[in-house]
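Here the structure is a predicted model, which means the values were calculated and not measured.
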Amino acid sequence: MSRVVSGLMLVGALGVSVVGRVAYGQTMLAMPPTPLLPPSLQDGADHVAGNGVPSWAGADGPVLVEDGIKRYERGAPGHNAGVSGTVTVYQFEDATGAQAAFDYLRKSAPYVVRNGVSVVIGSLKGSSSSSEAVLRTVETGLPKVGGPKGLSPLLPTYLPGQGLEKDSVRYALGPVGYQAMGGVLPAEIIGFDKAAEVVTAKYAGRGTLTLLLYPTPQIAGDHGRQIEAEMNRQGSAAGTVKLRREGPLVLMTTGAWNAADAQKTIEGIHLRSEVTWNKPVPPEFHAEVRKTVSLLSSILIFCGLGALAAIVLGLFFGGGRAAIRVMQGKPAASEPEFLRIDLSGRPAKIHSELPGAER
């Protein structure tokens, strides 16, 4: 009882919540999640926070879901801040989802920035310096996430920099976001259900470059062939189409490219050794891994049984032969009936098992 009272006193002092059970004499404490907004934006009727998709998301909701939204928080600056409006923060499961959501949301909001696994959206009116000060305070206080979930996607870094229109770069993890951002391929043939990643970008005076990354080269090959068939179906309407696959990466140009420039561009992009995969892979990938593990395990078991059989047979035949010789009154390890070659050059006597016989 004294432990429970002490635990409740500790909760009252620190402002944390107690999970409603005491197991094996230990009080379980649950710390609330770190707020996404600073205290200056948490007061007032406009403040709201929750998990999942917010009620105001509307058409953006499906995109936020496929990008892995985790929670949200919205607030308004106080009257003394010199600005009015709202600031919204969306937090996602990892940085790849945050990047995809950032590329989608920045088309319709005056201020959108990604910070780690969070996306900040500012809809503020007032002086630019006051607005920047408010947004800087929000970005500084955002919770930090380390490890694989905090790694930015590498696929956009493969885009060549020469002639790239940076505002046109769009990274997508799902069909809804990809189509909403003007993807050049039918979403159903890309393979988002196989954990595909896609980035598209426009190049000044040329056309569009599309990069697709898959968990395995086999999956990339399957969808690469579907993409090739679709481009053949579209014909000249797709512009200059150059398609190449390198391992799990598929590259494609469309639009008003010069054929030589398009070929040079896709041939100049190569996978780097730091490519990692931090998203769930499709079920068939796990199935292939299980098949490989099962095959290797069967080989090891077969080799082990073969070695054990060799030892058992060796003991059986060798020991049996020695036992028979002993039962006949002969030495177990002596084999006088076999010729012996002595390379020393000295004559050696042959000893017979018969008494008194020596030559």
Who are the side-chain contact (heavy atoms from CB on, under 4.5 Å) partners of S127, not counting sequence neighbours? S129, S130
Review item, side-chain donor-acceptor pairs of residues 172-184, under 3.5 Å, at least two apart:
residue, atom, partner, partner atom, Å
Y178, OH, V184, N, 3.1
Y178, OH, L185, N, 3.0

Separation of S118 OG from E73 CD (nearest 0.5 Å): 10.5 Å
Which pairs count as ring pair (Phe, Tyr, Trp, His ring centres under 6.0 Å) when at least one residue sits in residues 122-144, sequence neighbours excluded? none
Between Q42 (side chain only) and L37 (backbone N and O only), is there a donor and an acceptor less than 3.5 Å apart? yes
For atom NZ of K125, decide whether the heavy atoms of other residues, nucleotides or ligands shown that lie under 6.0 angstrom number more than 12. no
Can you run down the salt bridge (charged side-chain N to carboxylate O under 4.0 Å, His left out) pairs that involve residues 100-116, sequence neighbours left out, and say none if there aren't any? D103-R106
At what distance, to the nearest 0.5 angstrom, does CZ of R74 lie from CD1 of I121? 8.0 Å
Can you list everything that forms a side-chain contact (heavy atoms from CB on, under 4.5 Å) with I311? Sequence neighbours excluded, please. L315
In this structure, OG1 of T200 is separated from CG of L209 (nearest 0.5 Å) by 9.0 Å
Residue pairs, two or more places apart or on separate chains, that pass salt bridge (charged side-chain N to carboxylate O under 4.0 Å, His left out) and touch residues 205-234: D222-R225, E230-R233
With sequence neighbours left out, what residues match S40 under side chain to side chain donor-acceptor pair (under 3.5 Å)? none
Once salt bridge (charged side-chain N to carboxylate O under 4.0 Å, His left out) is applied, what residue pairs with a partner in residues 244-262 remain, sequence neighbours excluded? R244-E246
Sorted by chain and residue number, the side-chain contact (heavy atoms from CB on, under 4.5 Å) partners of V199 (sequence neighbours excluded) come out as L155, P156, L159, V169, Y171, L211
side-chain contact (heavy atoms from CB on, under 4.5 Å) involving V65 - partner list, sequence neighbours excluded: V53
Does any part of the side chain of P153, heavy atoms only, come nearer than 4.5 Å to the side chain of L213, both counted from C-beta? no
The complete set of salt bridge (charged side-chain N to carboxylate O under 4.0 Å, His left out) pairs with one or both residues in residues 59-70, sequence neighbours excluded, reads none
When clusters are formed from ILVMFWY side-chain contacts under 4.5 Å, directly or step by step, what else is grouped with L308? V312
Quick check against the 3.5 Å criterion: does Y90 have a side-chain atom that pairs as donor or acceptor with the backbone of A98? no
